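Quick notes on the structure that follows.
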Amino acid sequence: MNIILFGPPGAGKGTQSQQLKEKYGLIYLSTGDILREEMAAGSEIGNKVKDIISKGGLVSDEIVVSIIKGRVGDNLNAKGFLFDGFPRTVRQAEMLDEIMNGFSLKINAVYSLEVPEEILINRMLERGKTSGRADDNINSIKHRFVEYNEKTRPVLDYYKKQGNLVEINGVGEISSIFDNICKEIDLLAVSH
Ligand code: AMP
């Protein structure tokens, strides 16, 4: 079972993913986490992306796609993958399908967490007080939404056309949102 947790910045993808990967035994691939690790390690990739990330821009498709291809290839015996924060452009979504095809795998479902923008901005400013993330400040947050609306939102249509999109209300208690995602995943498991 290979699934994508989709949603705008601050929608709760990371929080929900932590519980989902445990419950379903999935390999968790968050491009944001991987890129932050690269920055912390001072690697070549990390140095290349740090200015873009701190300003809230999107890193190039080539960089994130090659990271994902490597991680999927390294874990071919996994029960499944949980992608968080990837794909973020239609090109990335197309490349992900190619990568998965190449390994005789496919994306089974995309869960989109729906949260209105004004709630998101407040959540992220709140998170910025403790997250230590260079991009949780108002200017970078605004730029992340511009990038999301222009480049990432169209990814929803890509998966809608494939019939893989499931919308989930992302407002409310963390545990009830989790339960709703689990219900959908369990339906998917039954239908396969
Ligand atoms: P996140 O932790 O998912 O909010 O990602 C933090 C930042 O990392 C984003 O604002 C982008 O700068 C970069 N990033 C993470 N994933 C991607 C991706 N799939 N494509 C491009 N940039 C990404």
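These numbers come from the heavy atoms of this one structure, side chains and all, not from hydrogens, waters or symmetry mates. Nothing here was measured: the structure is a model prediction, and the numbers come from that model. The chain is numbered in sequence order, starting from 1.
- Closest of all the heavy-atom pairs between Ala93 and Val155 is CB-CG1, 4.4 Å.
- Val171 and Leu125 fall within a single hydrophobic cluster, where Ile, Leu, Val, Met, Phe, Trp and Tyr side chains are chained together by heavy-atom contacts under 4.5 Å.
- We find that Arg144 and Asp136 are joined by a salt bridge, their nearest charged nitrogen and carboxylate oxygen being less than 4.0 Å apart.
- Within the model, atoms CG of Asn108 and CG of Asn164 stand 7.5 Å from one another, a figure rounded to the nearest 0.5 Å.
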Original post:
Could you walk me through whether Arg133 and Arg127 pass the side chain to side chain contact (heavy atoms under 4.5 Å, CB included) check?
Top reply: CA-CA 9 Å; Arg133 279 178 55 159; Arg127 179 174 83 182; 3.5 Å; yes
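- Counting only heavy atoms from C-beta outward, the side chains of Met124 and Ile138 never approach each other to under 4.5 Å.
- Cluster membership for Ile99 and Met1, using ILVMFWY side-chain heavy atoms within less than 4.5 angstrom, is not shared.
- Taking hydrophobic clusters as Ile, Leu, Val, Met, Phe, Trp and Tyr residues chained together by side-chain heavy-atom distances below 4.5 Å, Leu35 does not share a cluster with Tyr28.
- Note: Ser140 OG to Lys55 NZ = 9.0 Å, rounded to the nearest 0.5 Å.
- Side-chain contact between Val59 and Ile53: present, with at least one pair of heavy atoms (C-beta onward) separated by less than 4.5 Å.
- Remark: Leu76 CG to Leu105 CG distance equals 6.5 Å, nearest 0.5 Å.
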Subject >> Worked verdict on Leu82 versus Leu29 for side chain to side chain contact (heavy atoms under 4.5 Å, CB included) >> reply: CA-CA 6 Å; Leu82 168 59; Leu29 295 179; over 6 Å; no
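- Arg71 has no carboxylate O lying under 4.0 Å from a charged side-chain N of Asp74, or vice versa, which leaves the two without a salt bridge.
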**OP:** Could you give me the CA-CA distance, side-chain angles and deciding distance for Phe86 and Ile4, then say whether side chain to side chain contact (heavy atoms under 4.5 Å, CB included) is met?
**Re:** CA-CA 8 Å; Phe86 179 89; Ile4 296 171; over 6 Å; no
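- Using modelled atom types and a 3.5 Å distance limit, the side chains of Asp179 and Ser176 yield no donor-acceptor pair.
- When all heavy atoms are compared, the tightest approach of Ile27 to Ala78 is CG1-CB, 3.4 Å.
- Using a 4.5 Å cut-off on side-chain heavy atoms (C-beta onward), Phe81 and Ile107 make no contact.
- The shortest heavy-atom contact between Asn47 and Gly42 is ND2-O, 3.4 Å.
- Each of Phe83 and Leu113 belongs to its own hydrophobic cluster when Ile, Leu, Val, Met, Phe, Trp and Tyr are linked at side-chain heavy-atom distances under 4.5 angstrom.
- Judged by distance alone, the side chains of Tyr24 and Asp186 do bring a donor and an acceptor atom under 3.5 Å apart.
- The shortest distance between side-chain heavy atoms of Glu147 and Thr152 does not fall below 4.5 Å.
- Between Asp61 and Arg91, no side-chain nitrogen of the basic residue sits less than 4.0 Å from a carboxylate oxygen of the acidic one, so the salt-bridge criterion is not met.
- In the model, Gln162 has a side-chain atom that pairs as donor or acceptor with a side-chain atom of Asp97 under 3.5 Å.
- Side-chain contact between Ile177 and Asn169: absent, with no pair of heavy atoms (C-beta onward) separated by less than 4.5 Å.
- In this structure, Leu165 and Tyr158 have side chains that are not in contact, with every pair of non-hydrogen atoms separated by 4.5 Å or more.
- At least one donor-acceptor pair closer than 3.5 Å links the side chain of Asn137 to the backbone N or O of Ala134.
- Between the side chains of Glu114 and Ser112, at least one donor N or O sits under 3.5 Å from an acceptor N or O.
- Note that the CZ atom of Phe178 and the NZ atom of Lys183 stand 12.0 Å from one another [nearest 0.5 Å].
- Cluster annotation: Tyr159 is connected to Met95 through the hydrophobic network of ILVMFWY side chains, with a link wherever side-chain heavy atoms come within less than 4.5 Å.
- Side chains of Leu5 and Ile181 form a contact here, defined as non-hydrogen atoms less than 4.5 Å apart.
- Minimum heavy-atom separation, Pro8 to Phe145: CB-CE2, 4.2 Å.
- A donor-acceptor pair shorter than 3.5 Å cannot be found between the side chains of Lys13 and Gln16.
- Rounded to the nearest 0.5 angstrom, Asp135 CG and Ile52 CD1 are separated by 12.5 Å.
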Subject >> Verdict with reasoning, Ile185 to Leu20, per side chain to side chain contact (heavy atoms under 4.5 Å, CB included) >> reply: CA-CA 10 Å; Ile185 293 179; Leu20 288 171; 3.9 Å; yes
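- In this structure, CZ on Arg88 lies 6.0 Å from CG on Leu58, to the nearest 0.5 angstrom.
- Contact of the Leu120 side chain with the Pro9 side chain is not registered, since no non-hydrogen atoms from C-beta on lie closer than 4.5 Å.
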